Amino acid sequence: MAHSVWRVWIHGVFSTKDKEPLIHPEMESYLSGHIVNYMHDTFNCPVEAIGGTEDHIHLLFMMNLNCSLAETLGKIKGESSHWLNEGGLAKRRFDWATGYGAFSVSESGLQRVKQYIVNQKKHHKTIGFSQEMEKIERQCCIK
């Protein structure tokens, strides 16, 4: 093969520092739009879905294999928190937690994961973030 071809989908999840409810409804669409644009413009990573609640966010995006996953998620977290704080969109200092979750998604699972991400608010009426992450890890990881 003369060239490289890939389609690596990632379900990324990260929370606010100390899981504080910092993502207020009036800033949520601005934050989501900013992340989608930044992922595309900076990393050439198209975002298929984005959603979350007041204390965390989920992204479904196609990975650019010229950048590491740690670099991509680290920079989007750092840049978006800086953007929120400098732009005055946060009611108080905004920070993301240090870590993140990242799970590969098969082509056949894209629609299911996309719907899961889009329906985060509904989903979190019955389950908290910590329980959600434990469930995702059980489903995705071999221990």
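In this chain, residues are counted from 1 in sequence order. It should be emphasised that the depicted structure is a prediction, and the values quoted were computed from it without experimental measurement. All heavy atoms count here, side chains included; hydrogens, waters and symmetry mates do not.
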Rounded distance (nearest 0.5 Å) linking atom CG of Leu31 with atom CG of Leu84: 5.0 Å

Separation of Ile57 CD1 from Ser15 OG (nearest 0.5 Å): 11.5 Å

Which atom of Arg93 lies closest to which atom of Leu22, heavy atoms considered: O-CD1, 4.0 Å

Listed partners of Glu107 passing salt bridge (Lys or Arg N to Asp or Glu O under 4.0 Å), at least two apart: Arg7

Phe61 ring center near His11 ring center (under 6.0 Å): no

Audit row: Tyr116, His58, side-chain contact (heavy atoms from CB on, under 4.5 Å) steps and yes/no: CA-CA 9 Å; Tyr116 177 78; His58 292 253; 3.9 Å; yes

Ile10 vs Val105, side-chain contact (heavy atoms from CB on, under 4.5 Å): CA-CA, chis, key distance, verdict: CA-CA 6 Å; Ile10 301 294; Val105 178; over 6 Å; no

Distance, nearest 0.5 Å, that separates CE of Met62 from CG of Leu110: 8.0 Å

SB check Lys91 Glu26 (cutoff 4.0 Å): yes

Residue pairs passing the ring pair (Phe, Tyr, Trp, His ring centres under 6.0 Å) test where at least one lies in residues 15-36, sequence neighbours excluded: His34-Trp83

Stepwise side-chain contact (heavy atoms from CB on, under 4.5 Å) check, Phe43 with Lys75: CA-CA 10 Å; Phe43 296 104; Lys75 286 197 175 180; 3.6 Å; yes

Atom of Ala49, atom of Val118 and distance for their closest heavy-atom approach: CB-CG2, 4.5 Å

Sequence neighbours excluded - side chain to side chain donor-acceptor pair (under 3.5 Å) pairs with any residue from residues 40-52: Glu48-Lys114

Common cluster, Met27/Phe14, ILVMFWY with side-chain heavy-atom separation under 4.5 Å: yes

Exercise: identify the closest heavy-atom pair between Leu69 and Ala102: CD2-CB, 3.4 Å

Side-chain donor-acceptor contact under 3.5 Å, Ser80 with Trp96: yes

Student check: side-chain heavy atoms of Leu60 and Val47 closer than 4.5 Å: no

Backbone of Asp95 reached by a side-chain donor or acceptor of Lys77 within 3.5 Å: no

Linked, directly or transitively: Val36 and Met39 (ILVMFWY side chains, under 4.5 Å): yes

From Thr72 atom OG1 to Tyr100 atom OH, the distance as rounded to the nearest 0.5 Å: 9.0 Å

Separation of Leu73 CG from Cys45 SG (nearest 0.5 Å): 9.0 Å

Nearest-0.5 Å distance that lies between atom CD in Glu54 and atom CD1 in Ile23: 8.0 Å

Side chain Glu20, main chain Thr16, donor-acceptor under 3.5 Å: no

Non-hydrogen atoms of Asn66 and Asn64 that approach each other most closely: N-OD1, 2.8 Å

